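Being a predicted model, the structure only gives us computed values, none of them experimental. Below, all heavy atoms of this structure are taken into account, side chains as well, without hydrogens, waters or symmetry copies.
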Amino acid sequence: QVQLVESGGGLVQPGGSLRLSCAASGSIFSINAMGWYRQAPGKQRELVATITSGGTTNYADSVKGRFTISRDNAKNTVDLQMNSLKSEDTAVYYCNADGLQWQWLGITRVRANFGSWGQGTQVTVSS
């Protein structure tokens, strides 16, 4: 099993900044994409930003130019720097990762796909 643990959420005023961090641990062989998603009350979970192991990034239009995603492949971590925060950025932010993990199949160790979510961290933008 691969576990993701997020940190860095909190309360910030409009125009302020926050940095979210996520660390993956467990029987990891390799991680392909890592990303951040968010879910506001009464809304569906939506993509915020993703980054591949090669560093290719993808952002939601609503956060382009304000948020920056980065990762440390050696440490299996992904960060989200959020600047110029708006009230509409208020949501629970979830870390996501997919890749290959080690699993035991009887007495044989094999690689298997995984997809994991963190427990979520609350970001509230309010004056």
Side-chain angles (χ1 to χ4, degrees):
Q1 296 289 342
V2 176
Q3 297 83 34
L4 302 178
V5 177
E6 302 115 333
S7 61
L11 172 65
V12 64
Q13 292 186 341
S17 298
L18 277 177
R19 188 176 184 88
L20 305 182
S21 296
C22 173
S25 63
S27 302
I28 299 169
F29 174 78
S30 63
I31 299 179
N32 180 23
M34 301 187 80
W36 290 93
Y37 294 71
R38 66 188 180 186
Q39 188 167 18
K43 295 187 177 181
Q44 290 188 335
R45 190 172 299 188
E46 64 177 5
L47 179 146
V48 176
T50 61
I51 184 168
T52 68
S53 58
T56 299
T57 58
N58 180 46
Y59 294 93
D61 287 343
S62 60
V63 307
K64 283 180 180 177
R66 300 189 297 123
F67 292 9
T68 302
I69 190 169
S70 60
R71 67 186 279 180
D72 185 327
N73 290 331
K75 297 181 179 179
N76 292 327
T77 59
V78 62
D79 291 344
L80 184 69
Q81 177 65 41
M82 304 185 293
N83 298 327
S84 302
L85 283 161
K86 306 174 181 179
S87 58
E88 50 262 46
D89 294 317
T90 295
V92 177
Y93 284 69
Y94 297 91
C95 178
N96 174 268
D98 66 79
L100 292 173
Q101 63 178 337
W102 290 107
Q103 283 186 342
W104 287 102
L105 188 63
I107 61 171
T108 304
R109 198 181 186 202
V110 299
R111 287 170 287 183
N113 292 320
F114 78 87
S116 295
W117 291 93
Q119 78 285 357
T121 185
Q122 177 70 45
V123 171
T124 302
V125 184
S126 176
S127 55

S.K.: I'd like to check the ring pair (Phe, Tyr, Trp, His ring centres under 6.0 Å) partners of Tyr37; sequence neighbours left out, ordered by chain and number.
M.R.: Trp117
S.K.: So, for Lys43 and Gln39, which heavy atoms are closest and what is the spacing to 0.1 Å?
M.R.: O-NE2, 3.1 Å
S.K.: Establish whether Val12 and Val63 are linked, either directly or via other cluster members, by ILVMFWY side-chain heavy-atom contacts under 4.5 Å.
M.R.: yes
S.K.: Measuring from Leu4:CG to Tyr94:OH, what's the distance to the nearest 0.5 Å?
M.R.: 13.0 Å
S.K.: If every non-hydrogen atom of Trp36 is compared with every non-hydrogen atom of Ile69, which pair is closest and at what distance?
M.R.: CD1-CD1, 3.8 Å
S.K.: So, for Asn96 and Ser116, which heavy atoms are closest and what is the spacing to 0.1 Å?
M.R.: ND2-O, 3.2 Å
S.K.: Test your reading of the model: is there a side-chain donor-acceptor pair from Asp79 to the backbone of Arg71, 3.5 Å cut-off?
M.R.: no
S.K.: Apply side-chain hydrogen bond (donor to acceptor under 3.5 Å, both in side chains) to Thr124 and list each qualifying residue two or more places apart in sequence or on a separate chain.
M.R.: Gln122
S.K.: At what distance, to the nearest 0.5 angstrom, does CG of Asp72 lie from CE of Met34?
M.R.: 10.0 Å
S.K.: Can I get a per-line list of side-chain donor-acceptor pairs under 3.5 Å for residues 83-90, giving both atom names and the distance, sequence neighbours left out?
M.R.:
residue, atom, partner, partner atom, Å
Asn83, OD1, Ser17, OG, 2.9
Asn83, OD1, Gln81, NE2, 2.9
Asp89, OD1, Arg38, NH1, 2.9
Asp89, OD1, Arg66, NH2, 3.0
Asp89, OD2, Arg66, NH1, 2.8
Asp89, OD2, Arg66, NH2, 3.4
Asp89, OD2, Lys86, N, 2.8
Thr90, OG1, Ser87, O, 2.9
Thr90, OG1, Val125, N, 2.9
Thr90, OG1, Val125, O, 3.4

S.K.: Under the disulfide bond (SG atoms under 2.5 Å apart) definition, can you give me all pairs with a residue in residues 79-127, not counting sequence neighbours?
M.R.: Cys22-Cys95
S.K.: Do the side chains of Asn73 and Ile31 get nearer than 4.5 Å, heavy atoms only?
M.R.: no
S.K.: Could you go through residues 102-112 and list every donor-acceptor pair under 3.5 Å that involves a side-chain atom there, pairing it with any protein atom two or more places apart or in another chain?
M.R.:
none

S.K.: Going by heavy atoms in the side chains, are Glu6 and Leu20 under 4.5 Å from each other?
M.R.: no
S.K.: Checking Ser30 now: which residues fulfil side chain to side chain contact (heavy atoms under 4.5 Å, CB included) with it, not counting sequence neighbours?
M.R.: Leu100
S.K.: Calculate, to the nearest 0.5 Å, the distance between atoms CD and OG belonging to Gln1 and Ser25 respectively.
M.R.: 11.0 Å
S.K.: On a heavy-atom basis, which atom in Gln119 and which in Val5 lie closest, and how many Å separate them?
M.R.: OE1-CA, 3.9 Å
S.K.: In Å and rounded to the nearest 0.5 Å, what is the CG to CG distance from Asp98 to Asn113?
M.R.: 8.0 Å
S.K.: How far apart are the closest heavy atoms of Ser127 and Pro14, and which atoms are they?
M.R.: N-CD, 3.7 Å
S.K.: Are Ile28 and Ile51 connected in a single hydrophobic cluster, I mean Ile/Leu/Val/Met/Phe/Trp/Tyr linked by side-chain heavy atoms less than 4.5 Å apart?
M.R.: yes
S.K.: Indicate the atoms forming the closest heavy-atom contact of Ala49 with Tyr59, along with that distance.
M.R.: CB-CD2, 3.6 Å
